[in-house]
Participant: 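Have a look at this one before I ask anything.
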Amino acid sequence: MKFDINNAIRHSRVHVIILSKSLAASKQCLDEIVEIMNISSCKTPSEVTVLPVFYDVAPFVVRRQPEGSAYDLQNVKGSTDEERKRWAKALYDLSCLKGFEFFTDRQTTYQWEELNKIASKVEAFLNKEAISYADQQKCENLYQEKLNEVSKVLKSEDFNSKDVFFLGVYERNKPRFAELILHKFRGQFDAFCFLSNAMVEGSDSDSLVRKLYSDLIRKPKQELLPLNDVKRTYRSYYQQLLRNKRCFVVFSFIANNIDDMKPSLQVVRENLKNKSLVVFVSRFQHLLQKVLKIDKFISLSLLDDNRGIVTICYGNKRDINEAFIDHLQETFSMVGLDVHLESKERFSIDSTSLQKSEVVLCIVSQSFSIGEFEGILLNAAPHRPRVLYVLYGPHCTSESTSKSCFNIRVNFEESELKKAEFQMMVNEVLQTLKERREEMKEITDFPVGLTKRVNDMWAQMSNYLYSSNNAPQCFGLLGMGGVGKTTTAMSIYNKIRNQFEGSFFCLNTSARVAADASRLVSLQREMLQSLLSEKQYQDGRIRSAAHEEAFLSSYRMDPTEKHDQGGRIQSAACHGEARLSACRMDLTNDDEVHEKALLSSKLRGINALVVLDDVDSIAQLEVLYNPICSSLGANSLVLITSRNRKILEHAQSRHIFDIEELSEESSQRLFNWHAFLKPEAPPHLKEVSESVIGACKGLPLSLKVMGAHLYYESDKRYWDESLHFLRTNEKDIFSVLRRSLDRVESDQRDAFLDISCFLVGENDVVSCAYLEGAYGRGWTHLKDLNSRCLLTLEREEGKWLCDTKDRIIGMHDQLRDMGRHVVRKEERNRAWDAESAKLLLKVRCLCFLIQNMNVCPVDRNFFNWFLWNTAKRMRLRVLHCVAFQ
């Protein structure tokens, strides 16, 4: 039976491992995991894949096997120390792989839906394997010039004069070239070792050395050599075996820190002979050239720099509204694609752009038919790109294409733009170009005037960037709230992120640290993890969190509030919580210093793109910006957005770009898209809409919010009222934004105020649960407020382990401040920080009006006094930031 299982494991291409609570109690299951991980480590990712499914078990439990947990290996009956060490290593490696999480007590989806995801993942891998040969041929064609360069190296005098030759390959994206080198040249060597992810495997130096010896010495299908034999008993014998072979070793995806790899590097430097070849693949250029000191350097940066090209083909421009063509160009430019606009006449003369394009968007209109386009495509393009059709205008077409193609219909004379269909088209393009959406920043629904602004800014930035080789270059985006600084920064980030070895975008910095200064430490950790992409870093964070929890537990008293028969609230935990708060503050300060040191050391030499959005204090610069100034590579770029010029000057910005209000034409387009979902206003509202646009003074946020506010309102009298309101309060931005809030129903208004005070930055599932409990409706309020442009639903970042549909509640800082302004001046019934709480609680009569309170740990003494004296006489909802985490 055991032989059959092991035989099945060796011949399987996909391994799905269900990590349940009871799995670690079985020695047989643990041994099978060891066998699977050993086999997968010997093969490339395209040959074998392993999918862990964490079923009612957190990944860190599998990774660390904490004492007393279901994965405490000390509890496995009849196990030896050697077995437990082997199991622990296999479980650690397994937990670092991307997989799925399922918790029966908190799952919001059905179990069959999760099973369907797993099945889809398996099917996708097997389907990819079915076409792997074609993909390999395509990759070989793409990298043919570089493969020829490797062939010349193997025949060169320099290579033949050395016992071992070190080749460095600089590749920023997925390391496909390493696999191509292995497949093409391994037949010229006696033995080979391919480390598909040296960054993770190198985290255990002993295991990496063991794998090197095992792959280069052992016979096929033989188990890994015992670690003790490699390190001590037969070490000299194994070294002699290596010296008699011509070996080929590939270290793929090497991290910026190679301290754990030094023992394995020593092995290959001292023991490989007979014209052996060692290939290092990394996305850190300085590591290859200055640290590893390679013999030959091959850069794939030009291949990596190629942005996806989209060509938009149209007939006569008079048949198509110019604003719609601009909307197409702006949307694809904002996601970082290279967009070419070509008329059918130009295509007939010069088809260069068509030949380079992987995707062509054809606008079929009265003057340009599908048949005409396919004729041009047939004659002009040596290969057929992916074609998507936009059927524009009132005419009906009965034409069919030569093959099934994606298409959408656009007819502004009869209907408005269908946003969902348009977004599907954008997704189709990105999927075709294999652009990774998770690495992009969210695009706005209707980008206007961005392309020219971003291109002009990048032209200036690149001049500064490439003319200086001394230190990272910092640039600032300055402007009032709502003018479009963040949107511009996102567009620049999407455009140029592929030109750097790492990238990080810190969105809404000031808002994220406003409620709790300790979140600066979290931002430091996010920056490290994003720029390094090291899973080991997250493991270190788990250890730190466990240490902190253990330390704090010695100070923690039972905080549970007990009610006696008289209904009095007993807060005996007051003194203990005060000590706990002080301890947390000390640990936070220590963490902040520690993370600053990590930023300075671990990021050294990396050429990175870092965007710090909405920085409003010198303290934020000192924690996030200063440590990376002296460590990042000379070709790095830091972009900071702020409303305060002094902040940008303090950062010694090379150039500060002033973000100005939109022009009259751009203002009109942005407003019309939001108010009508059309390029132009209907005739009876054209005059009043132009007046409303003028009253918004070119401020994108005002145009967006007012447009969404007036959407679907066809009564001119209502438009006139709104215009009168804007003109009366034209100098008060809060009043302009307030207009959109005054028309919503009472519960929805309260929900907006709650979100602006407490829920910005929180998970949408948690926020929905709170709103449903408070007002009876959760998703309804979130969707309605989102449709009115009063909040956004953004993807949750940092979910590296498994896919998630969770989103984060976002809100523009002007809208957030407007909501808090309403609460502070009118409602006076919510407290979101220490200042607002003290202000309300010091006025005895206001204590009875408070509905919601966000408790800050450092003010717990004050809060306990408040509970004792007032909370027992009123209905109060207490919101605690930590509870939402």
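No experiment lies behind these values; they were computed from the predicted model shown.
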Participant: N786: which residues meet the side chain to side chain donor-acceptor pair (under 3.5 Å) condition with it, sequence neighbours left out?
Facilitator: none
Participant: Quick one: pull up NZ in K89 and CG in N38 and give me the separation to the nearest 0.5 Å.
Facilitator: 8.5 Å
Participant: Hey, does the side chain of S12 reach the backbone of H15 with a donor-acceptor pair shorter than 3.5 angstrom?
Facilitator: no
Participant: Got a sec: does the NZ of K27 have more than 12 other heavy atoms crowding it under 6.0 Å?
Facilitator: yes
Participant: Quick check for you: to the nearest 0.5 Å, what is the distance between S40 atom OG and D93 atom CG?
Facilitator: 8.0 Å
Participant: Rounded to the nearest 0.5 Å, what separates atom CG in D215 from atom SG in C193?
Facilitator: 4.0 Å
Participant: How long is the span from the CG atom in L523 to the CZ atom in R512, to the nearest 0.5 Å?
Facilitator: 4.5 Å
Participant: Got a sec, which residues hit ring pair (Phe, Tyr, Trp, His ring centres under 6.0 Å) with Y55, two or more places apart in sequence or on another chain?
Facilitator: F102
Participant: Who pairs with F185 by ring pair (Phe, Tyr, Trp, His ring centres under 6.0 Å), at least two apart in sequence or on another chain?
Facilitator: none
Participant: Between M811 and I755, is there a side-chain heavy-atom distance shorter than 4.5 Å?
Facilitator: yes
Participant: Once you round to the nearest 0.5 Å, how far does OG of S503 lie from CG of N498?
Facilitator: 8.0 Å
Participant: Give a yes/no verdict on a cation-pi contact between R186 and F248, requiring under 6.0 Å between NZ or CZ and the six-membered ring centre and an angle within 45° of the axis.
Facilitator: no
